[in-house]
Amino acid sequence: MDLIIRDATLPDRTRADIAIAAGRIAAIGTDLALHAGQEIDAGGNLVTPPFVDAHFHMDATLSYGLPRVNQSGTLLEGIALWGELKPTLAQEALIERAMQYCDWAAARGLLAIRTHVDVCDDRLLATESLLEVKRRVAPYIDMQLVAFPQDGLLRSPTAFDNLKRAIAMGVDVVGGIPHFERTMADGAESVRLLCEFAADKGLRVDMHCDESDDPLSRHIETLAYHANRLGLHGRVAGSHLTSMHSMDNYYVSKLLPLIREAGVAAIANPLINITLQGRHDTYPKRRGMTRVPELMAAGIDVAFGHDCVMDPWYGLGSGDMLEVAHMGLHVAQMTSQEGMLACFNAVTEIPARILGLEDYGLQPGCHADLVILDAGDPIEAIRLRAARRYVIRRGRVISQSPAVRASLDLPGRPGTVDFRLAR
Ligand code: FE2
């Protein structure tokens, strides 16, 4: 064996050793009588497959303040601001920002990212740049690119041609933004065109869909219809789906089974949805995140994405999917034990399935991509946004972080504070 992790707590709270050989998990069991070149004592800490972000914008990341800050905090000002920035983008600077973000991601145990890339720039500079980033980070991050017509497939005259060029260059997934087209009818038509194109090419689909507070924005219905009609089950995701928050309950009771029947997954982006939505409300202000527990209860795969880190839409973030799960848990009020575990799964195994990652997981034969957290179980990991003590990629430790402890000097209570519960 190359590496053995001793005394790990697995996400299902069982304890085991994990043996690794040739970059893959060779065995999992209690007190494995095996020897390895390297041993790590997990000390009962949680060992999980890596975090997966199903929804990100790496072409815009770390551009906060360029050329100015979003004053209204709305999606539409963010899109306008990005439109100002786009013509000034330089390939080297974009690659450098994305590479810096990937450093953060690796250190956070975030080893698979689906990123949208704006193709509404005839130079396709961001596409070329992110394809280069994907090549450079391949040893440690699985990157999947989505051709994203930010300015509207039909609204922007060259968008469809550019999208097709991006796919020909090696972009993996077909994107869309039906709620940004000029009319509801154009939005529906864009969904049809994009789904038919994806079916023809054998590609996955991931659309920004109904990212508004308009309860009549129902493009998810059209997306589910075409996914079902074209046999794209398990290959389509609807991202954001925030209008569902404001929809009529009766309509949603019809909609959820249709999404389930079509095998369409949902991707909520809690940090962004809670800040961008409800901006036109006075009080009460709507939360604007899609109906996460109801989607899950209907048997639909739901992932939480990060969406933005320090860009025209959001000025915070650091690639920490536990922060994303933490926010999603709060906004969706998923405070039961099952709910909190589901929030952990929404940043690990569910997005891995949505991306179609192969050999992801904790079975023998899976890639030895693992994170050892300074926490005893998934719920404690979310509570503490726990330090990633070790990040392991293909059996090799690629990042280490110290445990978070404080030394106290209190009257009568000297010692060290450990924020984990004693086990
Ligand atoms: Fe997005």
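All ligand and atom numbering here is 1-based and tracks the order in the structure. Below, each value reflects all heavy atoms present in this structure, side chains not excepted, and no hydrogens, waters or symmetry copies. The chain is numbered in sequence order, starting from 1.
- Ion pairing between R204 and D172 fails under the 4.0 Å rule for side-chain N and carboxylate O.
- Salt-bridge annotation for K254 and D248: absent, with no side-chain N of the basic residue lying under 4.0 Å from a carboxylate O of the acidic one.
- With no hydrogens or angles considered, a side-chain donor-acceptor pair links R385 and H326 at under 3.5 Å.
- Ring to ring, F180 and H208 are not that close: their centroids are 6.0 angstrom or more apart.
- Here R15 pairs with D7 in a salt bridge; the nearest charged N to carboxylate O distance falls below 4.0 Å.
- A salt bridge is defined here as a Lys NZ or Arg NE, NH1 or NH2 lying under 4.0 Å from an Asp or Glu carboxylate O, and R394 with D369 meets this definition.
- Only protein N, O or S atoms were scored, and 4 of them lie under 2.8 Å from the Fe ion (ligand 1).
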